[in-house]
Asks: 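Pasting a structure below so you can have a look.
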Amino acid sequence: MLAYTAKRLLTLIPTLLAATILVFLFVHLIPGDPAAILLGDTATPEEVAQLSAELGFDRPLWIQYFLWLGNVLQGDLGTSIFFREPVTAVIGSGAETSILLASMTMVWIIILGLPIGVLSATKHGTWIDQITSSGAMLAASVPTFWLGLYLIMIFSVTLGWFPSSGFPSLSDEGGITNLRYLILPSLTLAAPNAALIVRLVRASMLDVAREDHVRTARAKGLHPARVAIKHVFRNALIAVAAAFGFTFAALISEAVVTETVFSLPGIGRLVVQSILRRDYPVIQGVILVIVVLYMVINLLVDLAYARLDPRVSLK
Amino acid sequence: MALLEVENLHIAVGSGGKLLPVVQGVSFCVDENETLGIVGESGCGKSLTSLAIMGLLGDSTVRITGGSIRFDGMDLLTLSAPERRAIMGNRMAMIFQEPMTSLNPVYRIGDQIAESIRQHQQISRSAARDRAVELLTLVRIPNPSERVDSFPHQMSGGQRQRVMIAMALSCDPKLLIADEPTTALDVTVQKEVLELMADLQDRMGTAIVLISHDLGVIAETCDKVAVMYRGKIAEAAATADLFAELAHPYTRGLLNSIPVVDRDVEWLEAIPGRVPTLEETLTGCAFHPRCALATDFCASRAPETSQFKPNHSVQCHFAGGSTT
Amino acid sequence: MNIINFLRNAFAGRKLATVGFIWLCFILLAAIFAPLIAPFDPLEIDPVGRLAEPGLPNLFGTDHFGRDTFSRAIYGARMTVIIGVGSVVVALVCGGLIGMLSAYFTRLGHFLMRGVDVLMAFPALLMALVLITLLERSVFNTILVIGIVYATTTARILYGMTLKLKGEVFVDAAVCSGAGHSSILFRHILPNLVSPLLVQASFIFAFAQLQAAALDFLGLGLPPEVPSWGNMLSEERIYVTRAPWLLIYPGLLIVLSVFSMNLVGDALRDSIDPRFKDDIAGV
Amino acid sequence: MTIKSWMKSALAVGALMTLTTGAYADGMLRYATVGEPPSLDQQVITSDLATTIAHHMFEGLYTFNGANAPVPLLASGETVSEDGKTIVISLREGVQFHNGQAMTSADVLASLQRWGEFGSRGSLIFDHVESVEASGEYEITLNLKEPFGPWKNLMAFINGGPAIYPASVATGATKEPISPENYIGTGPYKFNAWEANRYIELVRFDDYASPDGEADGYGGARVADFDTLRFIPVSDVGTRIAGVRAGDYDYAESIPGDLFAELDADAGVKTMLNGGPIFGLVFLNSSDGPLKENFALRRAIQTAIDKKPALQVAIGPEGLWRANGSFAPEGSVWNTPEGTENFSKGDAEAAKAMAAEAGYDGEPIKFMVSTNYPFHYDSAIVYTKQLAQAGFNIDLQVYDWATLIEKRAQPDQWDLFFTHHGFVPDPILISVMNDNYPGWWATPEKKALKDRFTASSDPAERQAIWAELQALIYEQVPTMKTGDVYTYNIASPKLKGLGEQTLIWPSFWNVSK
Amino acid sequence: MSDPLLRLVGLHTHFQTKGSGLFGKKKVIKAVNGVSFDIAPGEVLSLVGESGCGKSTVGRTLTHLEKATSGQAFFEGNDFLALTPSEFRPLRRDIQMIFQDPFASLNPRLKIEQTLAEPLFIHGLCKTWDEARVQIAATLELVGLDPKVMARHPHEFSGGQRQRIGIARVMILKPKLVIADEAVSALDVSIQAQVLNLIKKLQRDSGVSMLFISHDLGVVRHISDRVAVMFEGQIVEIGDKTQIFEAPQHEYTRKLLGSIPRISLGREVA
């Protein structure tokens, strides 16, 4: 297992290198000069050129790339042009929100998605199944910003149950109770994703239910609920576990819209803002971090596979 | 009274809003320590019959539409679901065709056997495990105390089928239903598994219903045979009686179709045509389109079950004997 | 293969999916005949009649430019179809070719799929954001970007499905008959992928709508003057209390259309070859 | 942990979460901003947002009172020589920087020098400055090359203006904005933290030395009542409004005009009109393309446009905008009708004729606009329609702001672009007066008038020259003003001491909750 | 005895599995591990053995569906194992294969005539569709199907009929060697008998040589002239059919024969 992990990490290197080149190219091809944005409306072209040179943007692209790569290898993602702070620090402050948001969303997905999915599958073909599975599909069809907008109107402005927006850090005044800021955003984000999990759990369970070993389990005289959970759901979990991993990875980055609607200081919004500001080091840094995260989760999913499915041997 | 009595069993499959009869009036009985072989080609209804006895026709599209199944004095079809489950895996057990897929791949085989035991007996975890090792020894798995912790994918097909047998025998069932237990296995392994089953039956006195498409397997293992064709029992008798004198043209055709290893046959006497599909409705004898003896009469009237010889029944207008 | 039969099978006994299908037909009709149906020019500005409530002559009211929301919604159907079909075409053509060729020519595939893996590690929406900023906002670029995002998943899916088909006995049989690469790929493999591709297409169509709306919302999607449902929501979102109709109508249109497309995709998926069912991640 | 204790703690957390809504003490002001400023360095950054935050911690020598007249802030007074060329400014004593150092003329000198060389508006003064020196520990002397009228206004305008930093910070600072650890000023609040993407936080400066006198505009006594000012970026305007309504923010800026009536009627929020209007500007390219030196064609474009419908569409309620052609708002001393008869003709036929005469043959005119500011975009849509009706072939190019800024610096990329301008107390600060500003309007006529304008320090004379300049703008059309927009902010009704209007930037000294 | 049509010398077909561990060695599965035999013109040689013994791999290697690791295979005296795909293509006409699964071996999207015409066009045996249809009709009749069925799709046929179509696809090229890989194992007994009879008859009539791969000893005895018994990638015994079945030499052959369930009949069935 250790050897496997090491080997996998080694094979990540070329992929990561390719990813860095792509990230760098994409980001630097975007039109717009960060110096101009920094200096604002009244700056003259000379002033912009001067600052641009100070920031090192006048050098050839490949030199900029290797300088950047060299720093990245030393764990230094550069300095944000806009914040004049290390990119790692900028990302770090966004990461708290994003990870908490993704985690809370995962909690909703697990406490809503799994049971409804199991219910839908065990009641396959009944009206319960029809309502839950169509309902899930409907939930997955709603644009998140539209949903978020109405959730704010109802639960914050009208009812005053939850804060409308923003997220003070857990280390801020209020501590753990600041999580209440994330309730509406995480629900918004959970709606389509929980729906996908409902559909996935249902589909996987129906697939597993057709397998021969389930018939064997029933032939033992087991209670249908025990068959459903211990034999069908347990095996369906193999497919669902992967989805969980990738959903979590996706939540970090795909939360852009939700973070914008709820004005959360997360990584997604950081990227959008950084794109608008042409804060290249931050865009590069965030995308790189997410790519690494994705790959790590990919690895974790494979390790989880091995735990869940003894047929998978890690070699 | 026999251990298992199936009487006039009818099973139908729902398809496109219609109910298509698959099993039409099948009756047979099995005594303790007796092996009944049910033989037939694919689609004849033999597997559905076995699933119906076991109570595994879970799929809502398949339904028992008539008849009765009595097991050990109980009418199985009138039992409640929990009562039925108390019998399943306990006094009546089943093994299946596909040893490769019939075991849950994510659990150790010992746990799967123990699960079956603990479902029906108040017994501790460790005692169930000991019993599992015992059972694995019984089915001649080498190194049973180690293999008990193996996962199914770590075993060969033959070994898995032995595990299935161990699992089926875990609660000393009175009846064992084996649905094509050796079809997926190589002949050499098939022989070992069949011998194992026969051996266990000798020791435990279990009744066995063995379902197979292979006449050879049936002939070697069973005390009596029922030959099914398209949902009906074409011919049934004690094995020796049946092969002594084949009464039904289908049974004869089937036998003549099999290329044998013991002698050279220039041309096989194949049955012409094919088994009609479920959608095709047939009047009269189901076999008449393929039967060399068939007349107009065969096409218009279905034959009743008649006694060809004592304990040798047949459904054919041309077989001798008295109609019952 | 017979598409009509395939559709008939897919929708038999599925009332909700059939309703969804009919709704999509309406959308398609609205898209084609938008100029005939829409009572007003969707771009006509009327500073005096702005933010009018729904009624006559503005069925869905007017927006802050005084443009007729109903007419914009009708033209929005056109954008829905264009975005959906465009993204599907880009995704299926790019992703499909990469996936099929990679599975068939294993050595080439090794490289191509590695590339796809790298791209897949990029978060879809972020990649779309960066690309669209790079390419500037336009209908074509939005289609391109969404198409590329789904091309990677399509490539993966087609890779898997082609591998399965490549292992099929009938492909061996064709090889034994002496069939060449192009014959195997396009005569034996591709026709068997048509119905799963159709299903994949319907899910991409649905997802593309949400993705496009999200880009519109972030101000990085279609050019803002283009009457699309996403733009309508995005441009008028501050009027959620002042003029609620400006958000409710286009929002419901998006929800209903995506829902319908998902229903249709689901129905189609249930009727395709079960071998491919697991490959297509729909809703 | 047992199940019981686990449940207990879960319950406790749940109870806390519901009970502590509005956990923030009254000591904190939460201000929802439209975004994050690039930096708070007032000398080089001209973003209004930066000033809104920074003028709580950085102060200049002068500031504006309620009547937009410059009054001393860190200065205590000044004497101007007879010829107007020597200005001696005396400084207030006892003023401390946030780092505990006392402010002396050395700090002021270093700050002014850095501003003069690198400050975004510094050259406006320092082009006329011969030298600046510290003539005493609390005295600073400006020697001008020639008399320069607007000097005090420029000194008082903190946005891009001469904020006073400690000499240790100002010395060696360049065009690149100073970094947050050097945010050391003299204001009533001091810099505490900049959590990227999250907030900028200022805390009360306990050793603040307030100027004397009654508070008037930005002048007079300043009292910091809040412990903390927190500026939180909330880019979505709907979220800002909902946030104030739900009590999550105390103050939110830049609210759309269309919602004014609704919000004004809402007892849960207080609307705060800005005293100084902003105005949109459409720049015309004087350096390249079909519009270069073709003043007739520019006038044809100007004639085609009717500004009113654009203001209606972009802003909404009548009270929040004025179709005012003068570059200074009504009530300002700089307000003049000169040239404004051409402000908003909206005469398509006349425009068509003028264009034909100017030799326009239908070649495309590239009009750049950004969607980052809905008011730009909305107006541009209306103008495009009007111009099209007058036969102009307008190629509307929609970009995000960053791209627009880059493109507009390249003369061959555009013919028209849309931007806006904040309120300025002196016309010299209007961007079109800067020859280097994109558009590059630098005709001899402009130069002559501009030289006269800056050389004079007589208010009446300067107003007269400004009227001529404005007339020239309407004749040569380097830019087109689109009308005045009175923006407004919303505040929680709990805030006390806000006053009725915001002068230029909201300020939160003398304000409490 | 005349020159053999096919001579196989020392065939090895090995598969590599992925290595384990960081620098783990790759595992090699020796599916076929040194197999040699001859097939004379008009002769039927059977390869018999249990699953995993490598018998199918021999067939697949001979048709270039798998790559041989080493060894030679002479067809009419020429070694064809090392040929490139395009060099081998003309030979495919002479070496044809019947597959096990009649449900999988026909492309479900193609009509029967399309499936059957494909080899004709590829090998230039006809130019127009009219010519092709004539040949297809003749071949379909040969395998006992009504020529009218050529316009149908595979799903409209039963298993036995599909296998007949599979045989027709092979026979339409008039090959010299047919490799039949478990050609009848997926069929029900009564249908299997029909197809076996058909294969035997076609073989007799056309004089084609045949490599008949099967696990079913009864079927093998019925169809073959000679029999090779495979075990773990190697041939343990090869010989005349009667010799193998009546006087098996190798222990494994005897075990195999001894495992087959037999039916003892009370009287002879005619």
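Hydrogens, waters and symmetry mates play no part in the numbers below; they use all other heavy atoms, side chains included. Chain letters run A, B, ... following the sequence lines, proteins first and then strands; every chain starts at 1.
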Asks: Does Arg242(C) use its side chain to pair, donor to acceptor, with the backbone of Glu262(D) at less than 3.5 Å?
Replies: no

Asks: For atom CD of Glu363(D), is the number of surrounding heavy atoms from other residues, nucleotides or ligands below 6.0 Å larger than 12?
Replies: yes

Asks: Kindly check if the number of other-residue, nucleotide or ligand heavy atoms within 6.0 Å of NZ (Lys308(D)) is above 12?
Replies: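 Result for NZ/Lys308(D): open.
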
Asks: Side chains of Pro224(C) and Val398(D): closer than 4.5 Å at any heavy-atom pair?
Replies: yes

Asks: Is chain C contacted by the side chain of Arg240(D), its backbone, both, or neither, given a heavy-atom distance below 4.5 Å?
Replies: neither

Asks: Contact part of Glu44(C) toward chain D, heavy-atom cut-off under 4.5 Å: side chain, backbone, both or neither?
Replies: both

Asks: Can you tell me how far the CG atom of Leu43(C) sits from the OG1 atom of Thr384(D), to the nearest 0.5 Å?
Replies: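 Reported value, rounded in 0.5 Å steps: 11.5 Å.
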
Asks: Please look at Pro223(C) and chain D and tell me whether the side chain, the backbone, both or neither of the residue comes under 4.5 angstrom of a heavy atom of that chain.
Replies: neither

Asks: Given 3.5 Å as the limit, does a donor-acceptor pair link the side chain of Arg50(C) with the main chain of Val313(D), or not?
Replies: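 Judged by distance alone, yes, a pair lies under 3.5 Å.
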
Asks: Which bit of Ser138(C) comes within less than 4.5 Å of chain D, counting heavy atoms only: side chain, backbone, both or neither?
Replies: neither

Asks: Chain D heavy atoms under 4.5 Å from Leu220(C): which part of the residue, side chain, backbone, both or neither?
Replies: neither

Asks: With distance as the sole criterion, is a donor-acceptor pair present between the side chains of Asp258(D) and His64(C) under 3.5 Å?
Replies: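 The answer is no; no qualifying pair exists.
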
Asks: Look up atom CD1 in Ile45(C) and atom CD in Gln386(D), then write down how far apart they are to the nearest 0.5 Å.
Replies: 8.5 Å

Asks: Which atom pair, heavy atoms only, marks the closest approach of Glu225(C) to Tyr377(D)?
Replies: N-OH, 2.9 Å

Asks: So which of Asp400(D), Leu259(D), Thr403(D) has the biggest tally of heavy-atom pairs under 4.5 Å with chain C?
Replies: Leu259(D)

